[in-house]
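In what follows, residues are counted from 1 in the order of the sequence shown. These numbers come from the heavy atoms of this one structure, side chains and all, not from hydrogens, waters or symmetry mates.
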Amino acid sequence: MVDTPMRKIGRVYVPVALAVAASLAVLTGCTDPTPCAGVGVVSELGVYVVQEDFGGLEGASYELCSRGDCVEGELGGESVSRVFLSLPDDVDPDTAPVRLTVTRAGAGTPLVDDSVDVKLLRQSDGCGGGGWSRGLALTKADGLLPNVPKRVSAAWMRQVRAAATASPSPSSPPSPTSRTASGTPTG
(Lines give C-alpha, C1' and ligand atoms only; values in the text may rest on other atoms or scores of the structure.)
Protein backbone atom coordinates (compact mmCIF):
# COMPACT_ATOMS: atom_id res chain seq x y z
CA MET A 1 0.00 0.00 0.00
CA VAL A 2 1.30 3.41 -1.00
CA ASP A 3 1.19 5.91 1.78
CA THR A 4 0.02 9.30 0.42
CA PRO A 5 1.18 12.21 2.46
CA MET A 6 -1.58 14.42 3.88
CA ARG A 7 -1.13 18.10 4.26
CA LYS A 8 -2.11 19.42 7.65
CA ILE A 9 -4.14 22.67 7.89
CA GLY A 10 -4.07 23.67 11.49
CA ARG A 11 -5.22 20.47 13.23
CA VAL A 12 -7.40 19.17 10.37
CA TYR A 13 -6.15 17.11 7.49
CA VAL A 14 -7.16 18.19 3.96
CA PRO A 15 -9.23 15.04 3.21
CA VAL A 16 -11.28 15.55 6.38
CA ALA A 17 -11.86 19.23 5.57
CA LEU A 18 -12.97 18.34 2.03
CA ALA A 19 -15.36 15.68 3.32
CA VAL A 20 -16.92 18.14 5.75
CA ALA A 21 -17.31 20.78 3.02
CA ALA A 22 -18.88 18.26 0.65
CA SER A 23 -21.30 17.09 3.35
CA LEU A 24 -22.36 20.66 4.08
CA ALA A 25 -22.92 21.33 0.38
CA VAL A 26 -25.16 18.27 0.06
CA LEU A 27 -27.10 19.04 3.24
CA THR A 28 -27.73 22.67 2.29
CA GLY A 29 -28.67 21.97 -1.31
CA CYS A 30 -25.70 23.83 -2.72
CA THR A 31 -24.51 21.03 -4.99
CA ASP A 32 -26.10 22.32 -8.17
CA PRO A 33 -23.96 25.09 -9.66
CA THR A 34 -26.95 26.33 -11.70
CA PRO A 35 -28.49 29.43 -10.09
CA CYS A 36 -32.19 29.36 -9.24
CA ALA A 37 -34.03 31.41 -11.84
CA GLY A 38 -37.01 32.35 -9.70
CA VAL A 39 -35.49 33.15 -6.35
CA GLY A 40 -37.76 35.70 -4.77
CA VAL A 41 -40.97 34.37 -6.32
CA VAL A 42 -43.86 35.73 -4.24
CA SER A 43 -47.52 34.88 -3.87
CA GLU A 44 -49.73 37.63 -5.27
CA LEU A 45 -52.61 38.63 -7.50
CA GLY A 46 -51.76 41.20 -10.16
CA VAL A 47 -54.22 43.14 -12.30
CA TYR A 48 -53.15 45.08 -15.39
CA VAL A 49 -55.48 48.08 -15.69
CA VAL A 50 -55.64 49.34 -19.27
CA GLN A 51 -56.17 53.02 -18.50
CA GLU A 52 -56.11 54.15 -22.12
CA ASP A 53 -59.35 52.16 -22.63
CA PHE A 54 -61.03 54.46 -20.10
CA GLY A 55 -59.55 57.71 -21.42
CA GLY A 56 -56.97 57.73 -18.61
CA LEU A 57 -57.42 57.12 -14.91
CA GLU A 58 -54.54 59.05 -13.37
CA GLY A 59 -55.31 59.80 -9.73
CA ALA A 60 -58.19 57.31 -9.58
CA SER A 61 -58.36 55.24 -6.42
CA TYR A 62 -58.60 51.47 -6.54
CA GLU A 63 -59.37 48.65 -4.17
CA LEU A 64 -58.38 45.06 -4.98
CA CYS A 65 -59.73 42.31 -2.70
CA SER A 66 -59.53 38.53 -2.54
CA ARG A 67 -59.28 35.76 0.04
CA GLY A 68 -60.05 38.06 2.97
CA ASP A 69 -57.42 40.70 2.15
CA CYS A 70 -57.59 44.02 0.32
CA VAL A 71 -55.19 46.62 -0.98
CA GLU A 72 -55.99 50.25 -1.79
CA GLY A 73 -54.02 52.71 -3.81
CA GLU A 74 -54.01 55.39 -6.46
CA LEU A 75 -53.34 54.85 -10.15
CA GLY A 76 -50.50 56.73 -11.79
CA GLY A 77 -50.50 58.22 -15.26
CA GLU A 78 -49.38 55.15 -17.22
CA SER A 79 -51.41 53.81 -20.13
CA VAL A 80 -51.33 50.40 -18.39
CA SER A 81 -51.05 50.22 -14.61
CA ARG A 82 -50.28 47.13 -12.54
CA VAL A 83 -51.94 46.83 -9.17
CA PHE A 84 -51.26 43.85 -6.94
CA LEU A 85 -52.36 42.18 -3.74
CA SER A 86 -49.69 40.31 -1.80
CA LEU A 87 -50.80 36.92 -0.54
CA PRO A 88 -49.34 34.69 2.17
CA ASP A 89 -47.16 31.82 0.94
CA ASP A 90 -49.60 29.31 2.44
CA VAL A 91 -52.62 30.80 0.63
CA ASP A 92 -55.37 28.42 -0.46
CA PRO A 93 -55.03 28.29 -4.27
CA ASP A 94 -58.58 27.05 -4.92
CA THR A 95 -61.05 29.17 -6.88
CA ALA A 96 -62.11 32.35 -5.08
CA PRO A 97 -63.52 35.72 -6.12
CA VAL A 98 -61.29 38.68 -6.94
CA ARG A 99 -62.96 42.10 -6.80
CA LEU A 100 -61.63 45.36 -8.20
CA THR A 101 -63.17 48.79 -7.81
CA VAL A 102 -61.82 51.91 -9.50
CA THR A 103 -63.14 55.39 -8.68
CA ARG A 104 -62.08 58.49 -10.59
CA ALA A 105 -60.58 61.26 -8.47
CA GLY A 106 -63.40 63.38 -7.03
CA ALA A 107 -66.16 60.95 -8.06
CA GLY A 108 -68.55 59.55 -5.49
CA THR A 109 -69.34 56.26 -7.20
CA PRO A 110 -66.97 53.70 -8.72
CA LEU A 111 -66.40 53.74 -12.47
CA VAL A 112 -65.53 50.04 -12.20
CA ASP A 113 -66.87 47.53 -9.70
CA ASP A 114 -66.21 44.07 -11.11
CA SER A 115 -65.32 40.62 -9.87
CA VAL A 116 -64.23 37.31 -11.32
CA ASP A 117 -63.52 33.89 -9.81
CA VAL A 118 -59.96 32.64 -10.27
CA LYS A 119 -57.80 29.75 -9.18
CA LEU A 120 -54.22 30.61 -8.29
CA LEU A 121 -51.39 29.06 -10.29
CA ARG A 122 -48.15 27.69 -8.84
CA GLN A 123 -45.02 29.53 -9.93
CA SER A 124 -41.87 27.53 -9.16
CA ASP A 125 -38.61 29.22 -8.27
CA GLY A 126 -36.68 26.32 -9.85
CA CYS A 127 -35.19 25.38 -6.48
CA GLY A 128 -38.02 23.54 -4.75
CA GLY A 129 -39.91 26.63 -3.60
CA GLY A 130 -42.24 29.08 -5.26
CA GLY A 131 -45.46 31.00 -4.83
CA TRP A 132 -49.11 31.13 -5.84
CA SER A 133 -50.10 33.86 -8.25
CA ARG A 134 -52.49 34.92 -10.96
CA GLY A 135 -52.42 37.66 -13.57
CA LEU A 136 -55.68 39.38 -14.47
CA ALA A 137 -56.55 42.35 -16.66
CA LEU A 138 -59.14 45.12 -16.66
CA THR A 139 -60.26 46.48 -20.02
CA LYS A 140 -63.26 48.69 -20.76
CA ALA A 141 -64.64 46.29 -23.37
CA ASP A 142 -64.31 43.08 -21.33
CA GLY A 143 -64.28 44.18 -17.70
CA LEU A 144 -62.17 42.20 -15.22
CA LEU A 145 -60.66 39.20 -17.00
CA PRO A 146 -59.26 36.07 -15.29
CA ASN A 147 -56.21 36.21 -17.57
CA VAL A 148 -54.00 38.73 -19.33
CA PRO A 149 -54.69 38.99 -23.08
CA LYS A 150 -51.66 39.15 -25.37
CA ARG A 151 -52.42 42.74 -26.41
CA VAL A 152 -52.40 43.86 -22.76
CA SER A 153 -49.19 41.97 -22.03
CA ALA A 154 -47.54 43.48 -25.12
CA ALA A 155 -48.65 47.01 -24.14
CA TRP A 156 -47.27 46.48 -20.62
CA MET A 157 -43.91 45.25 -21.95
CA ARG A 158 -43.62 48.24 -24.34
CA GLN A 159 -44.28 50.56 -21.42
CA VAL A 160 -41.72 48.79 -19.18
CA ARG A 161 -39.06 48.92 -21.89
CA ALA A 162 -39.73 52.62 -22.51
CA ALA A 163 -39.50 53.37 -18.78
CA ALA A 164 -36.23 51.45 -18.52
CA THR A 165 -34.59 53.80 -21.00
CA ALA A 166 -36.22 57.02 -19.73
CA SER A 167 -34.57 59.44 -17.32
CA PRO A 168 -35.65 59.02 -13.68
CA SER A 169 -38.72 60.85 -12.40
CA PRO A 170 -38.25 63.20 -9.42
CA SER A 171 -41.30 61.76 -7.67
CA SER A 172 -42.54 58.22 -7.13
CA PRO A 173 -46.19 57.19 -7.07
CA PRO A 174 -47.60 56.45 -3.61
CA SER A 175 -47.29 52.87 -2.47
CA PRO A 176 -50.48 50.86 -1.94
CA THR A 177 -51.86 50.29 1.55
CA SER A 178 -52.77 46.71 2.36
CA ARG A 179 -55.44 45.81 4.87
CA THR A 180 -57.53 42.85 5.83
CA ALA A 181 -61.16 42.67 4.70
CA SER A 182 -62.17 43.96 8.15
CA GLY A 183 -60.23 47.18 7.45
CA THR A 184 -57.16 46.59 9.61
CA PRO A 185 -53.96 47.98 7.98
CA THR A 186 -51.23 45.42 7.32
CA GLY A 187 -48.39 47.69 6.32
Side-chain angles (χ1 to χ4, degrees), residues 36-54 56-153 155-157 159-160 163 171-187:
C36 296
V39 171
V41 172
V42 296
S43 295
E44 70 178 12
L45 283 167
V47 180
Y48 295 92
V49 179
V50 183
Q51 289 195 44
E52 61 193 9
D53 285 1
F54 295 93
L57 295 171
E58 184 172 3
S61 62
Y62 68 85
E63 181 180 61
L64 176 62
C65 298
S66 186
R67 294 165 169 78
D69 289 318
C70 294
V71 65
E72 297 175 331
E74 190 175 286
L75 297 174
E78 313 88 7
S79 59
V80 179
S81 294
R82 180 178 175 271
V83 300
F84 65 93
L85 173 63
S86 296
L87 301 170
D89 289 332
D90 63 350
V91 66
D92 181 357
D94 288 338
T95 301
V98 175
R99 182 176 181 197
L100 177 66
T101 59
V102 177
T103 306
R104 287 193 190 275
T109 58
L111 173 67
V112 174
D113 187 350
D114 205 350
S115 66
V116 64
D117 292 340
V118 298
K119 181 174 181 166
L120 298 177
L121 304 173
R122 182 77 174 155
Q123 184 178 2
S124 172
D125 66 2
C127 299
W132 295 98
S133 62
R134 187 65 182 244
L136 299 93
L138 175 68
T139 68
K140 188 171 184 175
D142 300 312
L144 187 58
L145 298 166
N147 55 16
V148 181
K150 287 182 181 180
R151 76 170 185 88
V152 174
S153 180
W156 172 256
M157 290 309 300
Q159 181 176 292
V160 168
S171 65
S172 299
S175 57
T177 303
S178 297
R179 62 178 174 77
T180 61
S182 65
T184 309
T186 60

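- With contacts defined as side-chain heavy-atom distances shorter than 4.5 Å, the pair P93/R134 does not qualify.
- Distance CG/D117 to CG/D94: 12.0 Å, rounded to 0.5 Å.
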Original post:
Given L45 and L136, is the side chain to side chain contact (heavy atoms under 4.5 Å, CB included) satisfied, shown in steps?
Top reply: CA-CA 8 Å; L45 283 167; L136 299 93; 3.9 Å; yes
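- Side-chain atoms of S66 come within 3.5 Å of backbone N or O of P97 as a donor-acceptor pair.
- Checking L100, V102, L145 one by one against V47, the side chain to side chain contact (heavy atoms under 4.5 Å, CB included) holds for a single residue, L100.
- Note that the CG atom of L75 and the CZ atom of R82 stand 13.0 Å from one another [nearest 0.5 Å].
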**OP:** With side chain to side chain contact (heavy atoms under 4.5 Å, CB included) as the test, would you mind laying out the steps for S81 and L57 before giving the verdict?
**Re:** CA-CA 9 Å; S81 294; L57 295 171; over 6 Å; no
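- Nearest heavy-atom pair across A107 and T103 is O-CG2, 3.4 Å.
- Qualifying ring-ring contact (aromatic ring centres under 6.0 Å, His included) partners for F54, counting only residues two or more places apart in sequence or in other chains: none.
- Atoms CZ and OG1, from R104 and T109 in turn, are 11.0 Å apart once rounded to the nearest 0.5 Å.
- The nearest pair of heavy atoms linking V42 to S133 is O-CB, 4.4 Å.
- Note that CD of E78 is 8.0 Å distant from CD of E58, once rounded to the nearest 0.5 Å.
- L87 approaches W132 most closely through the heavy-atom pair CD1-O, 4.4 Å.
- Smallest separation of non-hydrogen atoms from Y48 and V148: CD1-CG2, 3.7 Å.
- Atom CZ of R122 is surrounded by more than 12 heavy atoms from other residues, nucleotides or ligands within 6.0 Å.
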Using residues 137-144 as the side-chain source, report each donor-acceptor pair under 3.5 Å to any protein atom, sequence neighbours left out, with the distance given to one decimal.
unit_1: T139; atom_1: OG1; unit_2: D142; atom_2: N; d: 3.0

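- The two atoms that bring A105 and G59 nearest to each other are CB-O, 3.6 Å, heavy atoms only.
- Looking only at side-chain heavy atoms (C-beta outward), R67 and L85 stay at 4.5 Å or farther from each other.
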Original post:
Which is it for D113 and R99 under the side chain to side chain contact (heavy atoms under 4.5 Å, CB included) test, yes or no, and what are the steps along the way?
Top reply: CA-CA 7 Å; D113 187 350; R99 182 176 181 197; 2.6 Å; yes
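- Residues Q159 and V80 share a closest heavy-atom pair of NE2-O, 2.6 Å.
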**OP:** Kindly indicate, with the supporting measurements, whether the criterion side chain to side chain contact (heavy atoms under 4.5 Å, CB included) is fulfilled by V112 and V49.
**Re:** CA-CA 11 Å; V112 174; V49 179; over 6 Å; no
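- The closest donor-acceptor contact from the side chain of Q51 to the backbone of G77 lies at 3.5 Å or more, if one exists at all.
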